[in-house]
Amino acid sequence: MGGLSRRGVLASGAAAFAAAAPTTRPARARERPFRAAASAGRPSRPNILFIFADDLGWADLSCYGAPEIRTPHLDALAGQGVRFTHGYAASAVCSPTRLALYTGRHPGRLKAGLLEPIPGPGADAGLPVAHPTLASLLKQAGYATAMFGKWHCGYLPDYGPVKSGWDTFFGNMGGAVDYFSKISGSGETDLYEGEVKTESLEYYTRTVSERAAAFIRDNSGGPWLLNLNYTAPHWPWEGPDDRAVSDDLTRRITEGQEEGQILAHNDGGSLSTYRTMVEAMDAGIGQVLKALADSGKQDDTLVIFSSDNGGERWSCLWPLTGSKGQLNEGGIRVPTIVRWPAGIRGNQVSDVPVVTQDWTATILEAAGVEPHAAHPLDGHSLLPYLLDGAQAPARDLFWRMRRFGALRRGNWKYLRVLPQQEGQATQHLLYDVTADPRERANRAAHEGELLARLSTAWDAIDAELEDYPPQGGDRPGPSD
């Protein structure tokens with residue numbers, strides 16, 4: 001290689017690609033099947049930028065096939081790294097997936113993970129302060145830690161990012177907030193600087209992007225962990241120019257109309273508005289990535305982009321079925337992009353199934369940090385696969401929700417659906433989700449032995465987890 005290191009070759013290639021970053025949909029035909037740039041030694045411990053979208057659907061980025069939405073910055077990120085076609089969220093709803101990322105474990109190992117999602121401030125549940133987290137473990141290893149945007153893993157005074165390892169926090173504690181007024185469905189402003197309530201009337205997507213970019217500029221020495229948690233494109237359906245929509249929703253909430261329902265915005269939105277919301281998020285990510293490039297730390301930063309669950313209402317999910325709240329592919333398969341120029345070549349695509357908890361394990365190994373012995377991870381580090389050319393980890397991917405259970409092994413996905421009405425039978429379904437991503441051809445009757453093995457494997461993991469509190473017997477139990 002003429003004396004050039006792998007790091008130098010990859011870095012120069014990344015710089016060349018960045019200079020030619022696309023402004024329109026990239027030609028996916030140029031993608032190569034993933035192959036690690038294996039060589040002796042690994043890059044030194046990186047900065048970590050983990051970006052969560054909120055309710056972003058499988059095909060809501062142009063690099064994933066969105067017919068109208070244009071996301072040039074995320075497309076460029078994929079072009080500089082690896083685009084995963086079988087990336088999964090740990091749950092089909094928000095809070096459990098976030099708990100999975102922060103702990104590296106199945107959501108059901110915590111009582112808070114049984115809430116789908118954690119409800120309002122009255123809920124006495126959250127990420128326990130004593131539980132080790134991605135942030136607390138990295139902080140102990142000398143990382144500066146920050147979170148900007150949505151937390152939704154428990155409310156003050158008992159829970160919060162600052163209590164769980166993040167040095168810096170600016171964002172909302174709960175689920176959805178109005179993009180301008182920052183009012184929540186309960187009628188209270190939900191925006192905090194650390195643990196102090198604050199105010200901001202600017203467009204939220206833009207504000208958290210600016211905060212994240214400033215953090216990168218102010219921490220050029222590193223190492224750091226930055227969790228950038230957008231509320232976009234979650235409802236309410238408000239783009240950057242929709243302040244009048246915000247004023248109307250905020251007024252109705254403060255007047256007490258349809259308590260708890262107005263922010264869900266069932267009487268608003270459009271495909272056009274949704275497009276502007278996703279594109280505004282993409283523009284914000286572009287601002288953050290530019291700050292990273294300007295800092296000179298782009299090559300030494302591991303960037304991961306994903307969504308907390310699948311899309312809903314205005315989202316594009318083709319060819320998947322199901323949506324947010326369901327364990328069909330549309331509810332859990334999400335856009336997933338990874339870039340680390342110092343160790344990973346660009347313009348690649350991987351069909352390996354990966355899930356939220358894997359990124360926790362991957363980040364910790366990249367940082368040279370051991371997980372807490374009393375809280376073993378459920379995720380598997382992907383570094384041997386991404387950096388060393390090893391085979392992807394062979395394991396089952398597991399999901400459990402109150403009404404659904406699922407397990408993926410290889411190309412096969414077992415799906416368990418409890419009845420909604422008395423007298424109905426539990427459904428045990430089996431799909432080859434590589435050949436049949438729409439989950440239309442139920443192979444259960446043809447693959448009885450495989451169905452039984454996967455069902456038994458699901459039961460074994462389920463038995464280790466917290467039990468759901470009784471609610472009409474609607475939990476996917478092993479004997480149903």
Heavy atoms of His372 and Pro132 approach each other most closely as CB-CG, 3.6 Å
Non-hydrogen side-chain atoms of Leu302 and Val338 separated by less than 4.5 Å:
yes
**Prompt:** Below 4.5 Å, heavy atoms only, C-beta onward: do Tyr143 and Ile48 meet side chain to side chain?
**Reply:** yes
*Asp190/Lys182 under salt bridge (charged side-chain N to carboxylate O under 4.0 Å, His left out): CA gap, chis, key distance, verdict*: CA-CA 6 Å; Asp190 183 9; Lys182 313 306 184 297; over 6 Å; no
> Looking only at atom types and distance, does a side-chain atom of Thr168 sit under 3.5 Å from a main-chain N or O of Ala146, one as donor and one as acceptor?
Replying inline: no
Between Tyr179 and Thr231 the two heavy atoms that sit nearest each other are OH-O, 3.1 Å
Q) Just by distance, do the side chain of Ser307 and the backbone of Gly310 share a donor-acceptor pair under 3.5 Å? A) no
If only side-chain N and O atoms count, and only distance matters, is there a donor-acceptor pair under 3.5 Å linking Asp351 with His86? no
What one should report as the nearest heavy-atom pair of Leu465 and Gly108 is CB-O, 3.6 Å
Legend entry - Within-4.5 Å side-chain heavy-atom neighbours: Trp235 and Arg313: yes
>> Using the rule given for salt bridge (charged side-chain N to carboxylate O under 4.0 Å, His left out), can you reason through Glu238 versus Arg243, listing the C-alpha separation, both sets of side-chain angles and the distance that settles it, and then say yes or no?
In response: CA-CA 8 Å; Glu238 297 171 358; Arg243 192 178 292 271; over 6 Å; no
Value for CG (Asn309) from CZ (Arg333), rounded to nearest 0.5 Å, stands at 15.5 Å
- Using 4.0 Å as the upper bound for N to carboxylate O, is an ion pair formed by Arg275 and Glu279? yes
With no hydrogens and no angle check, just 3.5 Å: does a side-chain donor-acceptor pair link Thr71 and Asp75?
yes
### Task
Please report the C-alpha distance between Asp178 and Tyr204 in whole Å, then the side-chain angles of each, then the deciding distance to 0.1 Å, and finally whether the side-chain hydrogen bond (donor to acceptor under 3.5 Å, both in side chains) criterion is met.
CA-CA 8 Å; Asp178 184 271; Tyr204 196 29; over 6 Å; no
Of all heavy-atom pairs linking Ala78 and Arg83, the shortest is CB-CB, 4.3 Å
Exercise for the section: For the pair Asn328 (side chain) and Gly331 (backbone), establish whether a donor and an acceptor sit closer than 3.5 Å, ignoring hydrogens and angles. Expected result: no
**Request:** Indicate whether the side chain of Thr276 and that of Thr273 have a donor and an acceptor atom separated by less than 3.5 Å.
**Result:** no
Side-chain donor/acceptor of Thr189 to backbone N/O of Ile183, under 3.5 Å
no
Point to revise | Pairwise side-chain contact, His375 with Arg105, heavy-atom cut-off 4.5 Å (strictly under) | key: yes
Scanning both residues in full, the closest heavy-atom pair of Ser181 with Thr250 reads OG-OG1, 2.9 Å
Are any of the side-chain heavy atoms of Leu77 and Phe305 separated by less than 4.5 Å? yes
Inset, instruction - For Thr85 and Ser350, indicate whether the former's side chain and the latter's backbone hold a donor-acceptor pair under 3.5 Å. - result: yes
_Contact between Glu365 and Arg42 at the side-chain level, heavy atoms closer than 4.5 Å - yes or no?_
yes
Quiz item: Are Ser186 and Ser184 linked by a side-chain donor-acceptor pair shorter than 3.5 Å?
Solution: yes
Would the Tyr102 and Trp151 ring centres measure less than 6.0 Å apart?
yes
Separation between CD1 (Ile461) and CG (Leu407), nearest 0.5 Å, reads 5.5 Å
- Task: Go through the side-chain N and O atoms of Trp58 and Glu329 and say whether any donor and acceptor fall under 3.5 Å apart.
- Result: no
Quiz item: Does Trp166 have its ring centroid less than 6.0 Å away from the ring centroid of Tyr192?
Solution: no
Quick check: does any side chain N or O of Ser220 sit under 3.5 Å from a backbone N or O of Arg217, one acting as donor and the other as acceptor?
no
task: Check for a donor-acceptor pair, side chain of Asp308 on one end and backbone N or O of Thr97 on the other, with a separation under 3.5 Å.
output: no
- Query: Less than 4.5 Å apart, any side-chain heavy atom of Leu364 and any of Glu370?
  - Reply: no
Is a side-chain N or O of Gln326 found less than 3.5 angstrom from the main chain of Ser323, in a donor-acceptor match?
yes
Check the pair Asp378, Arg109 against salt bridge (charged side-chain N to carboxylate O under 4.0 Å, His left out), reporting the backbone distance first and the verdict last.
CA-CA 10 Å; Asp378 291 313; Arg109 295 201 185 277; 2.7 Å; yes
query = Can Glu193 and Arg211 be said to form a salt bridge (charged side-chain N to carboxylate O under 4.0 Å, His left out), step by step?
reply = CA-CA 11 Å; Glu193 186 90 55; Arg211 289 287 187 125; 2.9 Å; yes
Using modelled atom types only, decide if a donor and an acceptor are shared between the side chain of Tyr64 and the backbone of Thr336 within a distance under 3.5 Å. yes
- Query: Where do Arg408 and Tyr88 land on the side-chain contact (heavy atoms from CB on, under 4.5 Å) test, with the steps shown first?
  - Reply: CA-CA 11 Å; Arg408 177 162 173 176; Tyr88 288 97; 2.7 Å; yes
For this session: Taking the side chain as every heavy atom from C-beta outward, state whether Ile304 and Trp340 have any atom pair closer than 4.5 Å.
Result: no
> Short question: side chain of Ser381, backbone of Leu383 - any donor-acceptor pair under 3.5 Å?
Replying inline: yes
Rounding to 0.5 Å, atoms OG1 (Thr145) and CZ (Phe215) come to a distance of 7.5 Å
Walk me through whether Cys94 and Lys150 qualify under side-chain contact (heavy atoms from CB on, under 4.5 Å). CA-CA 10 Å; Cys94 169; Lys150 179 174 176 175; 3.4 Å; yes
request  = Step by step, work out the side-chain contact (heavy atoms from CB on, under 4.5 Å) result for Leu271 and Glu68.
outcome  = CA-CA 9 Å; Leu271 287 172; Glu68 299 293 338; over 6 Å; no
Here the pair of heavy atoms bringing Phe50 nearest to Ser306 is CZ-CB, 4.4 Å
Walk me through whether Phe34 and Leu386 qualify under side-chain contact (heavy atoms from CB on, under 4.5 Å). CA-CA 9 Å; Phe34 176 77; Leu386 291 171; 3.9 Å; yes
* Assess whether ring-ring contact (aromatic ring centres under 6.0 Å, His included) is satisfied between Tyr203 and Phe180, documenting all intermediate values. => CA-CA 5 Å; Tyr203 191 64; Phe180 293 93; 5.3 Å; yes
